[in-house]
Amino acid sequence: MTEAQQLDHPRPHPARTILYMIVSFVFRLVQFVLIVVGIAVGVSTAVIWVGFPILLATTSFVRWSGDRERGWAARMLNVPLPPVQRRPYEEGQPLLRRWVTRLSDPTTWRDLAYLMAAFPLACLELGIALASIVLLPMAIWVTPWLGWLHGELALALLGPDRTKRLEQKAQRLQASRARGVDAAEAERRRIERDLHDGAQQRLVAVAMSLGRAKSKFDQDPQAVRDLIDEAHLDAKLAVSELRDLARGIYPAVLGDRGLDAALSAQAAKSPIPVDVSVDVDPRPPAAVETTAYFIVGETLTNIAKHSGATEAGVKVWRTDDHVVVEITDNGHGGAEVRPGGGLAGLADRAATIDGVITVVSPVGGPTVIRADLPCQW
């Protein structure tokens with residue numbers, strides 16, 4: 001999970017949000033009553049020891065309810081809420097000691113805070129959800145926005161704490177660095193291979209032709225002329241291959257005119273029609289532009305070779321701190337990220353700047369490949 005995913009999640013579908021709000025009200029009512037009654041009775045009877053089992057049961061119910069809420073919110077509100085790692089206790093510990101361990105776990109208190117805040121919100125959300133069933137504009141615009149806000153609350157209280165998020169970010173950066181090194185090494189080997197098999201062979205042929213022409217200069221002028229023509233042709237081919245190689249490293253049009261012109265030039269070379277829409281003002285950093293350029297280029301190549309598509313679309317836009325690249329096609333679908341595959345290579349390239357590749361490609365199509373590239377890392 002990336003930091004961007006943790007801090008920004010898409011707005012949920014209106015129908016799912018309405019269902020979430022209506023069904024959740026029942027659960028929240030039961031949770032609120034059981035927790036409040038359990039705490040009140042447990043604290044008031046703790047002096048005669050009867051309250052401790054009640055408090056222990058209430059604590060377990062809070063933790064169980066928090067785990068259920070994570071899965072429920074993640075499924076219905078598109079909130080990235082992974083299972084949390086709770087503070088462990090030793091096997092064979094007395095029951096009272098286990099309870100103390102649970103009480104000292106910050107996750108328990110964050111679960112409790114969410115459950116206490118969720119009930120009054122559920123009362124408000126129930127009214128809005130019922131009104132949204134009748135009022136279509138409210139269902140389309142108000143309900144998803146309210147669901148997104150609820151997701152932000154769930155993410156803040158039920159998601160990983162700050163220490164865990166920093167650990168995840170450190171792990172992700174370490175993995176991104178390793179993948180970036182591997183991608184750079186693969187790119188270096190590709191450049192070496194292209195130089196050796198292409199331009200270098202052409203230049204060797206030029207040298208050999210000129211050497212043969214030199215040896216026949218006084219004996220056979222016509223053969224010399226033919227050899228010079230051959231050397232001239234090889235030299236032009238070598239220049240063309242070197243130009244293509246340099247364009248593959250960093251295209252001049254990208255540096256001079258930006259993503260719009262560069263992607264339009266790529267689309268013009270595609271064997272299938274490609275619709276391009278680019279809106280990235282202000283201009284993003286060069287590393288982001290380069291990554292977006294090569295992701296689009298490699299994806300369009302894969303679409304032309306493997307997808308069976310008759311048309312494709314490229315849409316690039318900028319949010320406050322991200323550039324989003326979305327490539328779609330109407331092919332037969334079924335694309336997925338496989339180790340060593342082309343999409344895995346795209347993910348590796350995006351990971352070099354802490355970006356994320358998302359692939360949605362059901363069998364039968366259409367296929368959507370999205371790259372979220374941060375402008376700051």
Side-chain angles (χ1 to χ4, degrees), residues 2 4-5 9-11 13 78 179 182-183 186-187 190 193-194 240-241 243-245 247-254 257-281 284 287-319 322-353 355-374:
T2 68
Q5 287 173 310
H9 58 92
R11 293 187 182 181
H13 191 275
N78 296 328
R179 295 167 70 182
D182 291 341
E187 187 72 7
R190 182 190 69 81
R193 184 178 63 252
D194 290 348
S240 177
E241 290 176 356
R243 186 182 294 114
D244 291 340
L245 181 62
R247 188 180 297 114
I249 297 173
Y250 187 81
V253 65
L254 180 61
R257 301 174 57 190
L259 266 177
D260 194 358
L263 297 183
S264 297
Q266 278 189 334
K269 297 177 183 178
S270 175
I272 63 174
V274 180
D275 180 59
V276 178
S277 173
V278 180
D279 182 10
V280 290
D281 290 331
V288 176
E289 287 188 332
T290 304
T291 302
Y293 176 85
F294 284 110
I295 286 176
V296 172
E298 293 172 29
T299 302
L300 291 180
T301 300
N302 291 337
I303 290 173
K305 288 182 178 180
H306 308 298
S307 72
T310 57
E311 60 181 7
V314 176
K315 186 177 181 181
V316 185
W317 70 94
R318 178 168 181 170
T319 62
H322 278 72
V323 168
V324 182
V325 181
E326 194 171 87
I327 307 105
T328 60
D329 70 73
N330 64 346
H332 49 63
E336 59 182 356
V337 180
R338 302 184 184 92
L343 292 177
L346 296 182
D348 290 341
R349 185 180 288 275
T352 59
I353 59 171
V356 178
I357 294 288
T358 306
V359 179
V360 179
S361 182
V363 176
T367 295
V368 179
I369 297 176
R370 171 177 169 137
D372 291 89
L373 308 175

With rounding to the nearest 0.5 Å, note down the distance linking [atom1] in [X] to [atom2] in [Y].
X: Leu259; Y: Glu289; atom1: CG; atom2: CD; value: 4.5 Å
X: Leu300; Y: Ser270; atom1: CG; atom2: OG; value: 5.5 Å
X: Leu263; Y: Tyr293; atom1: CG; atom2: OH; value: 8.0 Å
X: Ile353; Y: Thr291; atom1: CD1; atom2: OG1; value: 4.0 Å

What is the minimum heavy-atom distance between [X] and [Y], and which atoms define it?
X: Asp329; Y: Gly331; answer: OD1-N, 2.7 Å
X: Arg318; Y: Asp281; answer: CD-O, 4.4 Å
X: Pro362; Y: Pro366; answer: CD-O, 3.4 Å
X: Val356; Y: Ala350; answer: N-CB, 4.3 Å
X: Gly355; Y: Pro374; answer: CA-CD, 3.7 Å
X: Ser361; Y: Gly334; answer: OG-N, 2.9 Å

Mark yes or no for whether [X], through its side chain, and [Y], through its backbone, hold a donor-acceptor pair below 3.5 Å.
X: His332; Y: His306; answer: yes
X: Asn330; Y: Glu311; answer: yes
X: Thr367; Y: Thr328; answer: no
X: Glu298; Y: Leu346; answer: no

A side-chain contact here means heavy atoms from C-beta on lying under 4.5 Å apart; do Val276 and Ser264 qualify?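 They are in side-chain contact.
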Does a side-chain heavy-atom distance below 4.5 Å link Ile327 with Ile295?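 Side-chain contact under 4.5 Å: yes.
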